[in-house]
There are 4 protein chains.
Amino acid sequence: MSQQKSNRKRTETARRILNTAAEIFSESGFEGARVDEIARRAGVNKASIYYHIGDKQALYARVIHDLFGNAAGQMVENISASLSPTEKLKRYIHTLAGIVDQNPQIAAIMLREQASGGKNLPELVAQDIAGIVGIISGILDEGVKEGIFIKTKPFVVHLMIIGAIVLYKMSSSIRSKYPVLSETSNEQKDQNLKQAAAEVQRLVLNAVKK
Amino acid sequence: MSQQKSNRKRTETARRILNTAAEIFSESGFEGARVDEIARRAGVNKASIYYHIGDKQALYARVIHDLFGNAAGQMVENISASLSPTEKLKRYIHTLAGIVDQNPQIAAIMLREQASGGKNLPELVAQDIAGIVGIISGILDEGVKEGIFIKTKPFVVHLMIIGAIVLYKMSSSIRSKYPVLSETSNEQKDQNLKQAAAEVQRLVLNAVKK
Amino acid sequence: MSQQKSNRKRTETARRILNTAAEIFSESGFEGARVDEIARRAGVNKASIYYHIGDKQALYARVIHDLFGNAAGQMVENISASLSPTEKLKRYIHTLAGIVDQNPQIAAIMLREQASGGKNLPELVAQDIAGIVGIISGILDEGVKEGIFIKTKPFVVHLMIIGAIVLYKMSSSIRSKYPVLSETSNEQKDQNLKQAAAEVQRLVLNAVKK
Amino acid sequence: MSQQKSNRKRTETARRILNTAAEIFSESGFEGARVDEIARRAGVNKASIYYHIGDKQALYARVIHDLFGNAAGQMVENISASLSPTEKLKRYIHTLAGIVDQNPQIAAIMLREQASGGKNLPELVAQDIAGIVGIISGILDEGVKEGIFIKTKPFVVHLMIIGAIVLYKMSSSIRSKYPVLSETSNEQKDQNLKQAAAEVQRLVLNAVKK
DNA sequence: TATGAATGAGACTTCATTCAT
DNA sequence: TATGAATGAAGTCTCATTCAT
C-alpha cells in the first residue's frame, strides 16, 4: 500500500521532470536548455533531477527515447498489413502528422538532431527512427511490386513527407513571428496541420502513382 | 597604399572570422558554439572578434545574413522570367540543391532556426527567406494559370522541396554514424545530393502536374 | 526476547556502519569520504546512519575513538611492569606494529590527522594518543635511571618508531603503484610489516643503548 | 619591453596562485581545499586559476611538483660526493630538516599523500621522491662497504628519519592545540625543528654505526 | 526502525565579454 | 589593431542532511 503510494510518487515526479524537460529541450535544444529552468518549471528541486534521472545527458536521452520510441510504436500499430499500398501510404502520412501534432516537442528535437548530425542521439533512438524509415520503404516497394507505384528512391520520399510535416509544424511559430513569411502565400489561416497533411497525402500520391 | 593594405587586412581578418563562425555555428548551433573556439580556429585573438564584428549575437547575425542573403540572390538570378513554369520549377529545385551543396553550413543553420522558431533570426534574414518562398508561389500560380499545374498549397510544396533537400544533405553524416539508418533502403552509395535533387524534381513535377 | 533481538540487530547495524566508515575514512579522509558511499557499502539506508550514529562528524569521532582507544588499551596490557626497559621497548614496538597490522585503517587516519593538525580530533582521542606517548617516555626514563639507555628526547624516539611503522604500512600501496619507489632499494619482497618492525626494534635499541 | 612586463605579470599571478594553493592544500588536503578560497586568498579571480593553471587537479599537480622537485634538487646539491658516509648521513638529515622547515607545506602534503596511497600523485613527483630514497640507500651502502655502518634495510632507515622529521614538524600545531600531548614529556619549549633534527642525527648514527 | 524522496547550500568549471597595453 | 589577462555571471553537478511514511 505505502509501496504503491511511494511508487506513484516516484513515477509522478519523474514524469513531471521528463515532461518539462521535453518542453524545454524542444524550445531551446540540448545546449540551450538549462537544468535550473527544467527544475523550476517542473516544480522540483534541482537535485531531484539528478536523483531520479541522472545528468543532463541522461535526461535528454530519456526524453528523446520516450518520444521517438513511442512514435515508432504508434506507426507500426496504425498500419495494418491488410491495407493496400495506397491506403498504407495515406495512413503513414496521417499517422506521422498525428504524432507530430500530439507531441509538439518531437518536431523541434528532430530538426535539431538532424542539424547536429545526431551528436546526442543514442543508438536506441537511431533504431526507432530507422524503423520508421523502414516502414515507408516497405510500403513503396510493395506498391511497385503491385504495379501501382513508380519506382522511387524511398529515402527521398520519406524526407519529403517528414520534411513537409515537421517544417509545417514548426513554421507556425516562425510565421506568426515574421508575418512577412505568410504574406506571400495566401493561406495564413491554414495553420492547421491536419489540412497540410491532407495536402501532403495528395501530393505524394500524385508523385508516386503510376 | 598602407591604408589599402590595412583595409585589405581588415577585411581579410573579418572574412576569416566569418567563415570560421559559419562553420562552427553550423556544427554546434548558436548556444553550442564557443567564441573561444571560433577565435582559435580562425587563428585570431578572441578580442579581435569583438573589435571587428561585435558580440556573439552580432557575429551570428552577420553569418546568417551572408548565407541567406546570398542564397536569395542566386535564386532570383537563376530563374529567368522567360522560362516555362515547368522549367522554372526544375530550376528552382536545382538551384536550391546547388546552394545547399555549395554552402554546407546553410542546411544545419536553417534546421536549427526552424527548430527554435527563429529566436535568433533577424528581420532582414526573414525577408530573404520570404523572398524564396515568394518565388515558388509565383511559379506555381503561373503554372495553374497556364493550366499545366493543379492548384496546390504553395507553402506545402515549398516545404516538401526544401525539406527533402536540406534533410538529405544533413542525413549524410547521421547515416554514416548510424548505418542502421541506411540499411533499410538500398541506396547507400547514393549520397550524392545532385541525384537526390533530380529525384525531387521528378517527384514534385509528378505531384503538381495536371 | 524480542527486545534482545532488537538490541542485537541495533548494535549489529551500528557495528556494520562503523566498520565500513572506518574503511572509507581511512581510504579517503574525512573530507573525501562520502556518506552515500558508506551507506552503500555498509548495506544500510543513508538515513540509518543519522538515526544510529549521527552526522558525519559524529561518525568520524566514533570511528577514531574506537580505533585509538582500543590501541591505547592494547598497549597498556602488553607491557607488564615487571619487564626490563629493553624488553619493554621491544614490546612497545612490537605491539605498535601489531596494532597497525590488525587495524589497517589506523595508519592512514593517523597520518591525515597529523597532517591536518588534529582539526577533527576529539579531546578524548588526544588523550588516548597522549597515553601512548606517555608509555614510551616512561620506558626511556626508566632505562636511563637504570643506566642502560642514553638520555634522549623521548618524543623524538616515539616519532621515529611510529613514523617508521606507520609509513612502512602505508608505503606498501604507494610502492606497488609506483614501482620506481621500490626499485632503488632491493627489498621489494620485504613488504612484511613484521620484518620491518624487527628492523625498527634493532635500530632503535642500537640508538638508545649505552 | 611590454613583453617583459606582460611576462612578469603572468608569472607573478601564476606564482601567487601557486603559493596560495600550496598553503591551502597543505592546510586542508586536496578534497578539503576550496578553489574559491584559493582564489580569494591569492587575490585573483577564480577564473584566473583556470586560465593560468587549469583545474583543481592540475593545480595540485603543479604545487606538489614544485615542492618535491625543488626538494629533490636541494638534496642532491647538498650532499657532495667527497664526504664520508657519516658526514653524508648527517647532511642528509640536516637537509631534510631544512627543506621541511623552509617549506612548511611539504610535511602535511607528504603525510596526506602517504595516507591516500598516492592517489593524486603524478608520476613525475613519484620519481622525485624515489630519487630522495635512492640517495640514502646509496649512503648506507657506501658505509657498509667502508665497514663503518652495519647492514640495514635502507628503506626502514629512511622512514625513521623522514617520519621523525615530518611528524615533529606537524606535531607542533597538534601539541599546541592539545597540551595534553606535550605534558607527558618535558620538552614543550623544544619545538625547534633544528634541535629535533640534531637528535635524529645522533640517534640514527648510533643506530647504524658499527 | 527503516527507507525512498527531497532539498539547500555550495563545489567545480565554463563562458562571453571587457581591460590594459 | 592586436593580444594576453582578467572577471562576473552563470551553469552543471554533488553532498550532507532532513522529511515523510
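A note on names: the letters A, B, ... follow the listed sequences, proteins ahead of strands, and every chain is numbered from 1. In what follows, every heavy atom counts, from backbone to side chain, and hydrogens, waters and symmetry copies are set aside.
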Secondary structure of DNA chain F in dot-bracket form (Watson-Crick or G-U wobble, distances below 3.5 Å, | marking inter-strand pairs): .||||||||||||||||||||

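Of all heavy-atom pairs between I17(B) and I53(B), the closest is CG2-CG1, 4.1 Å.
The NZ atom of K46(C) sits 19 Å away from the P atom of dT21(F) (whole-angstrom rounding). In this entry the distance linking CD of E12(B) with P of dA2(F) reads 10 Å, nearest Å. To the nearest angstrom, P of dT1(F) lies 14 Å from CZ of R16(B). Spacing between atom CD1 of I49(B) and atom P of dC15(E) amounts to 14 Å, rounded to whole angstrom units. Atom pair I24(D):CD1 and dC12(E):P shows a separation of 11 Å (rounding to whole Å applied). Between L59(C) atom CG and dC15(F) atom P there is a gap of 16 Å when expressed in whole angstrom units.
Here N45(C) pairs with A47(C), S48(C) under the side chain to side chain contact (heavy atoms under 4.5 Å, CB included) rule; sequence neighbours left out. In this structure, Y51(A) has no ring pair (Phe, Tyr, Trp, His ring centres under 6.0 Å) partners at least two apart in sequence or on a different chain. Looking at residues two or more places apart in sequence or on another chain, you find a side chain to side chain contact (heavy atoms under 4.5 Å, CB included) between A115(B) and A108(A), L111(A), R112(A). In terms of the side chain to side chain contact (heavy atoms under 4.5 Å, CB included) criterion, residue partners of A61(A) (sequence neighbours excluded) are, by chain and number, P122(A). The ring pair (Phe, Tyr, Trp, His ring centres under 6.0 Å) test applied to Y50(C) returns no partner, not counting sequence neighbours. Residues passing the salt bridge (Lys or Arg N to Asp or Glu O under 4.0 Å) test with D128(D): none are found, sequence neighbours excluded.
Residue pairs meeting the salt bridge (Lys or Arg N to Asp or Glu O under 4.0 Å) criterion with at least one partner in residues 33-42 of chain A, sequence neighbours excluded, are E23(A)-R41(A), E27(A)-R41(A), D36(A)-K46(A), E37(A)-R40(A), E37(A)-R41(A).
Between K56(C) and S48(D), it is S48(D) whose nearest contact on DNA chain F lies nearer the 5' terminus. In terms of position on DNA chain E, the residue among G54(D) and Q57(B) whose nearest nucleotide sits closer to the 5' end is G54(D).
Dashed line: the shortest gap from a side-chain N or O of H52(A) to OP1 or OP2 of dG4(E) is not under 4.0 Å. The phosphate of dA5(E) (OP1 or OP2) has no side-chain N or O of T13(A) nearer than 4.0 angstrom.
No side-chain heavy atom of V63(D) sits under 4.5 Å from any side-chain heavy atom of F30(D).
In this structure, the nucleotide among dC19(E), dG8(E), dA5(E) sitting nearest to the side chain of Y51(A) is dA5(E). Relative to the side chain of Y50(A), the nucleotides dT17(F), dT12(F), dA5(E) differ in distance, and dT12(F) lies closest.
Of the residues in residues 27-45 of chain C, those lying under 4.0 Å from DNA chain E by heavy-atom distance are N45(C).
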